[in-house]
Amino acid sequence: MNDFIKDFPAFDDRRYIYFDNAATTQRPRCVTEAIEEFYRSKNANPLRGLYEWSIKATDAYENAREKAAKFIGAEKACQIVFTRNATESINLVAYTYGEENIGAGDEIAVCASEHHSNILPWQRLANKKGAKLVWLEVGADGAIPESEYAKIGEKTKLVAVAQVSNVLGQPKPIKKICETAHKFGAVVMVDAAQSVPHMRVDVKELDADFLAFSGHKILGPMGIGVLYGKENLLLSMPPFLRGGEMIEYVTRESATFAELPHKFEAGTVNAADAAGLDAALDYAQSIGFDYIESQDKKLTALLMDGMSKIPHIEIYGSKNPDEHCGIVTFNVEGCHPHDVSSILDTDKICVRAGHHCAQPLMQSMGVPMGSTCRASLYFYNTEEEIYRFCEKLAKVREELGYGS
Amino acid sequence: MDLKQMYREIVNEHNLHPSHKHDTENPSVVLRGVNPSCGDDIFLQLKIEDGIITDGSYVGSGCAISQASADMMLDLVIGQSEDEARRLADVFLRMIKGEASGEEIESLDEAAALENVSKMPARVK
């Protein structure tokens, strides 16, 4: 047990072991309370009404933007665009910046370990424009070998890379990738969905051009995500979706658009979940990344050590638990990951099984049947849960008919 | 029957020691079933003479439940008419969605043991 568990209503039922934090985290009570509080005391359409409730709703929404900006070290709040999730953030960039700046013969460098969300928008754009996707391969540990950097060159217009792979957990040297891309005038789209919950991220220090993350992976509600962009880039981009709230002036023939960031936030915004995200980021800050990182390292080391003592388990990625950000992807020899997950489910253990929305990575890893199991931890997981998980995992093969 | 029991009593045996996992010589039809979301990839091979399935087999890979169901299905349909095989397939599909009657499920013989899969919506594709 640890002191955080009482903050999470989902953990009232201690029979469950939740090891699918890379998919979504649990939410502390303060987050659901903030959402409830929004609907109870300031529920009006934000940014529109001139009365008290609407002004309070607007404040809640814009305070969340300030909080998100500070959280990732953005200079100005207007550099934060709220979206539904990291996927929408990346699509926004592809459909606006990409459409305007990437053309026939240009190259988009995509890291081979990307989640589909940072592949498919670029694949569509490349196919439409006659641009080329260039793959930055990764080694078995998930790292990009030095030689791959040579693929970023004069033709490169954009580099798409996740700061932390959702399969291997290996953190990428984003600062170095940005430096390389910037030498050739290319911009970098950083998918920070897996990194923002686990490490201090500073967009200025990284010199990232665009950076995306999802609220629900860092204790916040589902349905609110963040896109950060450099101000000059955001200013130069056309709107993504068009409609209410994103305009300055509209006639029958034409329209001019609102200032940043509202230009990119058409329609009634998700203010309640923004308030939830605000509370989530406060909560994460109160825990602190020193603690989160030390807990990631300690628990991952314990988990990998426990799993390595179980025969017939293969763990993917780096041998060093410090390079996993709490993510341990594995297979049980001879057993399909879906069967493994179903057996663990009978012991109330939640782990992910499948391709983890990273099929190109699964293909290059050559894993059996293109899928794996994944246990992903967060600071609220406990040593006791890891012992119980290893104990149950050790029995899976026998449950599936081997050696019994 | 709980899930572990279903694996232990039915699925594991068919998955690890299938009776029908091999090639059929000169099959009348070969059907490929692919489920990219879980990596199942099965080729079903059937020999049909005068509307009767006289022989059949499967090759390919997938989770234990998919492999065992292919094996059990072949146990069930070899020797049956095409129409009866289609009826059984329909009953099976409705069973795993929780929509088949008890009597219908009984006609599936050993495959009826997979009824529990209807309680695992994530495994029904």
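So that the names make sense, note that chain A is the first sequence line, chain B the second, and so on, each numbered from 1. Values reported hereafter were calculated over all heavy atoms of this structure, with side chains retained and with hydrogens, waters and symmetry mates removed.
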Should we count [atom1] of [X] as having more than 12 external heavy atoms under 6.0 Å?
X: B/R94; atom1: CZ; value: yes
X: A/N127; atom1: CG; value: yes
X: A/E391; atom1: CD; value: yes

If you take all heavy atoms of [X] and [Y], which pair is closest and at what distance?
X: B/D40; Y: A/H336; answer: OD1-NE2, 4.2 Å
X: B/I65; Y: A/D339; answer: N-OD1, 3.8 Å
X: B/C63; Y: A/H338; answer: CB-CB, 4.4 Å
X: B/L3; Y: A/T346; answer: CD2-CG2, 3.3 Å
X: B/G62; Y: A/M369; answer: N-SD, 3.4 Å

B/D2 versus chain A, the contacting section by heavy-atom distance below 4.5 Å: neither
Engaged part of A/S342 at the chain B interface, taking heavy atoms whose separation is under 4.5 Å: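 It is both, since atoms from each part get that close.
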Winner by heavy-atom pair count (cut-off under 4.5 Å) against chain B, out of A/V340, A/D345, A/D347: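 The residue among A/V340, A/D345, A/D347 with the greatest pair count is A/D347.
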